[in-house]
Amino acid sequence: MIHCAIEKPVLFSYEECLWFLDRNLDECLYRVENGEVVRALCIGGETVLFRISDGGDVLRLAISDGGDKHMPAVEAFVRAWIDFDTPLERFYEQLREVPALSYMPEQYGGLRLIGIPDLFECLCWCVIGQQINLSFAYTLKRRFVENFGGVVEKGGHVLRTFPTCSTVAELHVEQLRALQFSGGKARYLTQIARAFCNGDISRKHVEPLPRDERLRMLMRLPGVGPWTANYVLMKSFRDPDAVAVGDAGLLNALLRHGLITHKGESSRIDELFAQFAGYRAYLVLYLWRSLSARA
DNA sequence: CGCCAGGTTAGAG
DNA sequence: CTCTAACATGGC
């Protein structure tokens with residue numbers, strides 16, 4: 001067991017981030033227990049288990065034995081996953097300028113944009129979640145991971161890793177249909193997996209491109225439309241201005257705040273987001289956050 | 001039973 | 001380019 005402490009950034013709330021990580025009880029890629037996050041991570045062919053806990057001014061990381069040499073990679077993953085490196089001061093100023101949103105820095109202060117660093121995982125999660133309610137989406141993801149992903153058992157924990165593209169590329173549509181995936185989702189998932197295996201797409205290819213090119217590259221994949229492409233920019237590439245256009249939850253949040261009176265007021269939405277240049281993705285996150293009551 | 005859900009696609013006009 | 005139906009199923 002090796003430990004490490006990361007200094008928390010300004011405007012960081014362990015509690016808020018933990019709330020986000022724990023808000024859905026059916027998450028299968030990590031566990032939240034006793035205020036700690038436990039997760040498995042594949043690094044260079046090895047699977048290491050790590051644990052995150054609150055250490056006051058620091059975040060504590062612990063890696064289970066054997067994984068000592070992977071601490072730098074785990075630390076880098078956690079920093080990226082929980083978005084340590086975005087300063088939020090300016091965003092909170094922007095929120096305070098909009099009366100309907102001015103409560104947010106107080107209510108959700110320190111909430112960070114928890115990402116999905118792996119591009120393949122992020123795309124699969126989008127396809128799984130399209131046009132179904134979130135709880136069913138988590139059910140489908142669990143079935144997907146439990147049936148086709150990896151398992152690690154260490155120190156009394158059973159943890160799972162996301163299926164690899166080579167595994168998913170070999171799946172038959174009927175295997176996914178049996179898990180109650182629609183025919184469309186089943187086809188998209190296997191086709192996207194093949195695109196990764198073929199090298200038709202990879203993070204390395206997409207990352208260097210400007211936003212429009214990234215969107216275009218992503219939308220060439222089957223099952224990837226504007227919503228998914230922007231969601232991927234937000235959660236996997238950390239584009240600060242990516243907005244999941246037309247998102248059902250986002251529209252509901254805008255309605256609840258009286259920022260629009262009916263869905264389809266795209267010009268008014270554009271105006272609002274224009275005020276949040278540099279932090280549009282964070283505005284989406286905080287609006288999503290507002291849809292869930294505090295536990 | 002009906003309507004909506006972290007949408008996308010194919011086909012028609 | 002815009003509009004529509006179909007997709008499959010759960011939650012309410």
Side-chain angles (χ1 to χ4, degrees), chain A residues 19-29 108 111-116 118-145 147 162 171-195 201 215-239 241-257 259-260 262-267 269 273 280-293:
Chain A
W19 171 85
F20 184 90
L21 289 166
D22 201 24
R23 93 213 115 104
N24 190 292
L25 277 45
D26 207 26
E27 174 60 56
C28 56
L29 292 177
Y108 312 139
L111 172 64
R112 296 272 157 174
L113 205 171
I114 312 289
I116 305 176
D118 184 82
L119 179 57
F120 176 64
E121 177 190 331
C122 191
L123 281 161
C124 289
W125 171 231
C126 286
V127 168
I128 289 170
Q130 286 167 2
Q131 183 50 26
I132 58 176
N133 63 68
L134 258 188
S135 68
F136 185 41
Y138 275 98
T139 301
L140 290 181
K141 174 173 143 182
R142 171 176 291 282
R143 291 176 187 164
F144 190 65
V145 170
N147 280 274
F162 201 76
L171 294 180
H172 298 284
V173 167
E174 310 83 65
Q175 289 176 272
L176 290 166
R177 288 285 300 117
L179 303 180
Q180 291 177 294
F181 284 67
S182 68
K185 288 189 199 300
R187 278 194 307 279
Y188 301 152
L189 288 169
T190 54
Q191 287 168 358
I192 289 170
R194 281 185 216 124
I201 187 159
L215 290 172
R216 214 167 50 77
M217 286 287 281
L218 291 168
M219 288 199 288
R220 280 180 14 195
L221 295 168
V224 178
W227 179 86
T228 299
N230 280 289
Y231 186 98
V232 167
L233 256 46
M234 173 191 187
K235 298 280 276 191
S236 201
F237 289 103
R238 297 208 161 282
D239 181 335
D241 282 318
V243 177
V245 282
D247 178 83
L250 174 59
L251 293 173
N252 283 331
L254 292 170
L255 283 169
R256 281 201 204 181
H257 285 85
L259 292 164
I260 56 174
H262 57 86
K263 300 182 179 181
E265 272 183 294
S266 51
S267 62
I269 297 172
F273 276 97
R280 293 186 180 92
Y282 258 95
L283 177 58
V284 174
L285 171 69
Y286 276 53
L287 285 167
W288 280 342
R289 171 68 180 85
S290 73
L291 293 170
S292 306

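Values in this document were obtained by computation on a predicted structure and should not be read as measured data. In what follows, chains carry the letters A, B, and so on, assigned in the order in which the sequence lines appear, proteins first and then strands, with residues in each chain numbered from 1.
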Per A:Tyr188 side chain, nearest of listed nucleotides B:dT8, B:dT9, C:dT9: B:dT9
Under 4.0 angstrom, heavy atoms only, what part of the nucleic acid is A:Leu221 near: base, sugar-phosphate, or nothing? sugar-phosphate
Hey, is the main chain of A:Met217 close enough, under 3.5 Å, to the side chain of A:Arg220 for a donor-acceptor pair? no
Of the candidate nucleotides B:dA5, C:dG10, B:dT9, which contains the atom at the shortest distance from the side chain of A:Asn252? B:dA5
Do A:Thr190 and A:Leu176 have side chains that get closer than 4.5 Å, going by heavy atoms? yes
Donor-acceptor pair under 3.5 Å, A:Gln131 side chain vs B:dA5 base: yes
Have a look at A:Lys263 and say if it touches a base, only the backbone sugar-phosphate, or nothing, with a 4.0 Å heavy-atom cut-off. sugar-phosphate
Do A:Phe181 and A:Val173 have side chains that approach each other closer than 4.5 Å (heavy atoms only, starting at C-beta)? no
With sugar-phosphate meaning primed atoms plus P, OP1 and OP2, does A:Val224 contact a base, only sugar-phosphate, or nothing at under 4.0 Å between heavy atoms? sugar-phosphate
Record whether the side chain of A:Asn133 comes under 3.5 Å of the base of C:dG11 through a donor-acceptor pair of N or O atoms. no
By the 4.0 Å heavy-atom rule, please label A:Phe181 as base, sugar-phosphate, or nothing. nothing
Could you check how far CG of A:Leu218 sits from P of B:dG7, rounded to whole Å? 17 Å
Sugar-phosphate, base or nothing in reach of A:Gly249, heavy atoms under 4.0 Å: nothing
Whether A:Tyr286 side chain and A:Leu111 backbone form a donor-acceptor pair below 3.5 Å: yes
A:Gln180 side chain, from C-beta outward: closest of C:dC7, B:dA5, C:dG10: C:dG10
What is the separation between atom CG on A:Leu291 and atom C1' on B:dC4, rounded to the nearest whole Å? 14 Å
Protein-nucleotide distance (A:Lys141, atom NZ; C:dT9, atom P), rounded to Å: 21 Å
Which residue lies more 5' along DNA chain B, comparing A:Pro222 with A:Ser135 via nearest heavy atoms: A:Ser135
Can you tell me how far C1' of B:dA5 sits from CH2 of A:Trp125, to the nearest Å? 12 Å
Give the rounded distance in Å between these two atoms: CG of A:Leu189 and P of B:dT9. 13 Å
Just wondering, more than 12 heavy atoms not from A:His262 lying within 6.0 Å of its NE2? yes
Would you say A:Arg143's side chain and A:Ala178's backbone share a donor-acceptor pair under 3.5 angstrom? no
Give A:Arg23 one of three labels, base, sugar-phosphate or nothing, depending on what nucleic acid heavy atoms sit under 4.0 Å from its own. base
Answer with base, sugar-phosphate or nothing: what part of the nucleic acid does A:Ala244 contact at a heavy-atom distance below 4.0 Å? nothing
Both A:Ser182 and A:Thr139 contact DNA chain C. Taking the nearest nucleotide for each, which residue is further toward the 5' end? A:Ser182
In whole angstrom, give the distance that lies between atom CG of A:Asn230 and atom P of B:dT8. 9 Å
To the nearest Å, give me how far apart CG (A:Leu251) and P (B:dA5) are. 9 Å
Whole-Å distance separating the CD1 atom of A:Ile128 from the P atom of C:dA8: 15 Å
